[in-house]
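Contents: one structure, followed by commentary.
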Amino acid sequence: MSEASDALSVQKEISRKATMATIARISRYTALRVVTLFITIVIGMYLTILIANMGGYVDEIRRGEIREGVQQRVLTDQTLRQLSAEERAKRQEEMIRIEEKRYGLDRPFALRSMGFLADALSLNLGRSLNVTSASGSRQVRLILLERLPTTLMLFGTVNFILFFVDIFIALSLSRHYGSWLDKFFVAMSPTSSAPGWFYGIFLILIFAGLLRWLPYGGLVDVPPPDNKVDYFLSMLKHMILPTMAITISSIFASVYNWRTFFLIYSSEDYVDVAKAKGLSARDIENRYILRPTMPNIVTSFAFFLIAAWTGAPIFETVFMWPGLGRVIYQATGLYDTPVILGSTVIYAYLLAITVFLLDFIYAIVDPRVKVGG
Amino acid sequence: MRLANSLRELLRYPSAVAGMIIILVLAAISIYAPIAIPYDKAIELWRGSEQTWYRNPKYASPEWINYFRSEKLAKSIALSTAEGTATKEIVTDDKGSSTITMTFPFEYTANVFPQEMILYFKADYKEKKPYVSATWLTPDGREIRLGDFSVDKSQSLWFSQDPKIKLRLGGLDAQEGLFVDNPRAETRNLLNGQYMVKVVAITFEPDTDLDVEFVLHGQVAGWAGTDHLRRDLGIALLWGTPVALAFGLVASLLTTFAHMAIAAAGVWFGGWLDELIQRITEIFLVLPFLPILIMIGTFYSRSIIVIFGAVILLSLFGGSIKSLRATFLQIKEAPYIEAARAYGAGNGRIIFLYIIPRLIPLLVPALVAAIPGYVFLEASLAVLGLGDPVLPTWGKVINDASANGALYKGLYYWVLQPSIFLMIAGLAFAMLGFSLDRIFNPRLRGI
């Protein structure tokens, strides 16, 4: 009796230890990835700053900001009001010089760029020249963070849903290999070489221009509905065409790739063994086909998401979607350097977070991931 | 031998054959474009203003649109005495003055009225201005006076804006009144047939010369239509082909070889170099590609060369290095390489005879499949307003169209034509690359 319970507790202990080991493995892996990714971001960001400042643009932004701040102070300072205009101007120049020194603008670029790097990493992005947020703020950080949710909503939800739809279709195609639907997807896969915005133009032309069923673009109707439900419905209506564009541009190639993957893996010996054992088709798919291909799928999804983020400026421009990408486009038109720089920084973060999250999922789905190996 | 086999196998794929045919056609267009319109001429035309393009109407649809319409639209016409497309007869009398008779005959077959008609006068005189009288001859033999006036060195008569012509047509607009059987009737019918503008000029000095050009702005012009600046879109569509192909091909060649060389170097030398290459690849993954390109385009230069260089630099450490590295490691450890080492083969022999032949199946499909991405990238940048400022490209046409609200105004040809060119080019390379991948990649055979 006691022996049996001993054995049971030993077994429990073992399984507890195994769980602990898994948690330890994943957390160690996560910590390591956080550190390496952070270093990666820092280097990536520094490269971005180097590119941006090749013509001294970051310096100019900073100088402009200092000048504006000092002018404000001089204007509001009561004691300075009594001075003559010339003396006030002289005083102002002096103050600007001191401020510039304080910010280290007189130091060599190697040192200065470190300051910029710290600012960028802490999202201290300065003030825009022309672009304003919906609340009227000129803080670049506010402008960009305000736009981030719309971008995340569009690309995040669409790609997330598409991911599962793709896998589902790919699995069913690999089951019905050679069917007309299978052949159709294979034949259509080259169409995915065109980006989403490209199909967007056609869709807008057909559904907005010719048929007038759906809006040309934007987030909601103009004027925006007061009612929350109507607002949401209007937003959904505006999301139909972008969703279709993303779907058309990606579904055929990803389904084709994953279907091929599944087919390759389902010809492995261990799948034949599983079939011989009489396992159900569902079990075979889940355990012997999906499991080993999952890391590859996650990786390709990561690349796909990254491509989607990066393509956002043009996609959002075509659909007039007020997201992060559209801000870049607007800022380009207005030569609003702080906003362009700031969005590049936010993009670097977004990409890094995507890579990190998918790495994390990778660690969970792939038991072969070794830490420190 | 193997290559010949592969080529024969390629012909068994209909999509590969279609892709190759399209690519050949595009290549032919790319050769034809610089011959038909030399680079300088193309740039000059594309950047040309009203001066260059006054003969074209704005927002004119392409001429092929008439094939799909029962109601035919008017073609744009330009007849000039200076270019010999109109007749010019000079009768000089003994006093030094002369009578110049110019006729501009044209066939009008459209079922709708034109947009505008203009007479441009270019006179060469010292003091006394020549005096002209212009008349309009309809197919049914009526003569309508357009005007009598003396002309300056450079002058034009816009029919629709001339109040006297309108008055003579009973208040009807000139574009309509000059083409109907009876301007003053209740029910008017458009008359098709041979029309003629006749300009008779009297000059008062011996050396006076006069050249006149008659321009009719219809609804259609050229095989590709025109844009908001009256430019012929055909130039951009034609010249966009070599630009797109060159951009895609060269970028794809450079990056594919660079990826291969970098991955190979990492695997061959191993150690810290391999490690470094992998870390750099990860850094490049988080570099925001398009925003950086936008930044470069805004801050420095939009020249296609600069943007091209930036694209190459930014894709130098692309994601494919990782998968290439895995394959290279396999090849490096392959038994037959070891065997070659064992019998004393040198590095050169191993690389050129044993490794590179194994790489071609990897290289060729990747190379071809990467082309559409770069073709579309160039277009994407142009649509964002970062296209080359001088070069006419497909993306720039799309950008102009969307900036001028072509989709709202229903000017679909403006967006559709460059898009279809892009689509065809992208699809051709994608189809070929896809088939090549299936041929060269043994795991995909039969799947």
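The figures here come from the full heavy-atom set of this structure, side chains too, leaving out hydrogens, waters and symmetry mates. So that the names make sense, note that chain A is the first sequence line, chain B the second, and so on, each numbered from 1.
- In this structure, chain B has a heavy atom under 4.5 Å from the side chain of A/Leu47, while its backbone stays farther away.
- With hydrogens and angles ignored, the 3.5 Å screen pairs a side-chain donor or acceptor of A/Asp182 with a backbone N or O of A/Gly178.
- Heavy atoms closer than 4.5 Å to chain A are found in the side chain of B/Leu416, but not in its backbone.
- Residue A/Tyr46 does not touch chain B at all, counting heavy-atom pairs closer than 4.5 Å.
- Side-chain contact between B/Tyr59 and B/Trp414: present, with at least one pair of heavy atoms (C-beta onward) separated by less than 4.5 Å.
- Within the 4.5 angstrom heavy-atom criterion, no atom of B/Leu432 approaches chain A.
- The closest side-chain heavy-atom distance from A/Leu123 to A/Ile346 is below 4.5 Å.
- Here the side chain of B/Thr241 pairs a donor or acceptor atom with the backbone of B/Leu237 at under 3.5 angstrom.
- Taking A/Thr36, A/Val318, A/Thr40 one by one and counting their heavy-atom pairs under 4.5 Å with chain B, the maximum is reached by A/Thr40.
- Contacts between B/Ala379 and chain A at a heavy-atom distance below 4.5 Å involve backbone atoms as well as side-chain atoms.
- Neither the backbone nor the side chain of B/Ile280 comes within contact range of chain A; no heavy atom of the residue lies under 4.5 Å from a heavy atom of that chain.
- The aromatic rings of A/Tyr216 and B/Tyr408 are tilted relative to each other, their planes meeting at an angle between 30° and 60°.
- Environment of CG in A/Leu211: crowded, with over 12 heavy atoms of neighbouring residues, nucleotides or ligands closer than 6.0 Å.
- When each of A/Ala331, A/Ala348, A/Gly209, A/Gly44 is checked for heavy-atom pairs under 4.5 Å with chain B, A/Ala348 comes out on top.
- Of the atoms belonging to A/Met188, not a single heavy atom falls under 4.5 Å from chain B.
- For chain B, no part of A/Ser343 is nearby; none of its heavy atoms comes within less than 4.5 Å.
- Using a 4.5 Å cut-off between heavy atoms, A/Leu350 does not touch chain B at all.
- Counting heavy atoms from C-beta on, the side chains of A/Tyr265 and A/Val271 never come closer than 4.5 Å.
- Between chain B and the options A/Ala352, A/Pro195, A/Ala187, heavy-atom pairs under 4.5 Å are most frequent for A/Pro195.
- Of the charged side-chain nitrogens involved, none lies within less than 4.0 Å of a carboxylate oxygen, so that A/Glu316 and A/Arg147 do not count as a salt-bridged pair.
- Ranked by heavy-atom pairs shorter than 4.5 Å toward chain A, the options B/Glu282, B/Arg279, B/Met431, B/Met423 are led by B/Met423.
- For residues 398-405 of chain B, heavy-atom neighbours of chain A at less than 4.5 Å comprise B/Ile398, sorted by residue number.
- Both the backbone and the side chain of B/Ser419 come within less than 4.5 Å of a heavy atom in chain A.
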A/Ser250/A/Ser192 under side chain to side chain contact (heavy atoms under 4.5 Å, CB included): CA gap, chis, key distance, verdict: CA-CA 5 Å; A/Ser250 75; A/Ser192 294; 5.6 Å; no
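- The side-chain heavy atoms of B/Tyr13 and B/Ile439, taken from C-beta on, include a pair separated by under 4.5 Å.
- Ring geometry for A/Tyr199 versus A/Phe202: interplanar angle of 30 to 60°, hence tilted.
- Proximity to chain A is limited to the side chain of B/Phe434, based on heavy atoms less than 4.5 angstrom apart.
- Within the structure, the ring pair (Phe, Tyr, Trp, His ring centres under 6.0 Å) test picks out the following pairs touching residues 272-296 of chain B (sequence neighbours left out): B/Phe284-B/Phe317.
- Using the six-membered ring where Trp is involved, B/Trp394 and B/Phe421 have ring planes that are tilted, between 30° and 60° apart.
- Looking at B/Phe429, there are no atoms closer than 4.5 Å to chain A (heavy atoms on both sides), in backbone or side chain.
- For A/Ser189, the part sitting under 4.5 Å from any heavy atom of chain B is the side chain, from C-beta outward, and nothing else.
- The candidate from B/Ser380, B/Ala430, B/Gly426 with the greatest count of non-hydrogen atom pairs under 4.5 Å with chain A is B/Ser380.
- A/Phe315 does not touch chain B: none of its heavy atoms, backbone or side chain, sits under 4.5 Å away.
- For A/Tyr256 and A/Phe252, the distance between ring centers is not under 6.0 angstrom.
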Stepwise salt bridge (charged side-chain N to carboxylate O under 4.0 Å, His left out) test for B/Lys396 and B/Glu378: CA-CA 10 Å; B/Lys396 284 205 79 161; B/Glu378 193 268 326; over 6 Å; no
